[in-house]
Structure formats: C-alpha cells, structure tokens
Student: 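A single structure is presented below for examination.
None of the values given here were measured: they were computed from a predicted structure.
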Amino acid sequence: MDYFKVTKRCIRCRKPLREDGTCQNVKCVRYKPEPEEETAEKKEETTGAAE
C-alpha cells in the first residue's frame, strides 16, 4: 500500500533531485546546471536560417 511518494534525494546534500536525477542545489558538489534545450533549439533555428 502506497501512502505517500518518497522523493529521491542527492546523496551528498540530501536535497530533492530533478526529474532527470540531477542535483539542483547550487552549493552541492554534485550540482549540474539545468539543461537548456530551448536555447539550443533557438541557436539551431538561427543558424539554419542563415544558410
């Protein structure tokens, strides 16, 4: 019986992880910046239009 959902946490700082499993605490050793897919897509569009 599931009464509540246990959130996965960072093994170093114990903060909750993002959906992709990376740490969101800026001061943590295992921190990774959020992936910026939107900016990468925008860059591709601008370079594709120049051709």
Student: Going from CD on E19 to NZ on K8, what distance comes out if it is rounded to the nearest 0.5 angstrom?
Tutor: 11.5 Å
Student: Test side-chain contact (heavy atoms from CB on, under 4.5 Å) on Y31 and N25 and set out the steps.
Tutor: CA-CA 6 Å; Y31 169 76; N25 182 9; 5.6 Å; no
Student: Can you get from V6 to Y3 by hopping between Ile, Leu, Val, Met, Phe, Trp and Tyr side chains that sit under 4.5 Å apart?
Tutor: yes
Student: Looking at R9, I'd like to know if its CZ atom is crowded, meaning that more than 12 non-hydrogen atoms belonging to other residues, nucleotides or ligands lie closer than 6.0 Å.
Tutor: yes
Student: Determine whether a donor-acceptor pair (N or O, by modelled atom type, separation under 3.5 Å) exists between the side chain of Q24 and the backbone of P16.
Tutor: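 Confirmed, Q24 side chain pairs with P16 backbone.
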Student: Does the side chain of R18 come within less than 4.5 Å of E34's, by heavy atoms?
Tutor: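 They are in contact (side-chain heavy atoms under 4.5 Å apart), so the answer is yes.
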Student: Any chance you could measure K27, atom NZ, to C13, atom SG, to the nearest 0.5 Å?
Tutor: 11.5 Å
Student: What do you reckon, is CZ of R30 surrounded by more than 12 foreign heavy atoms closer than 6.0 Å?
Tutor: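 Count not over threshold, so no.
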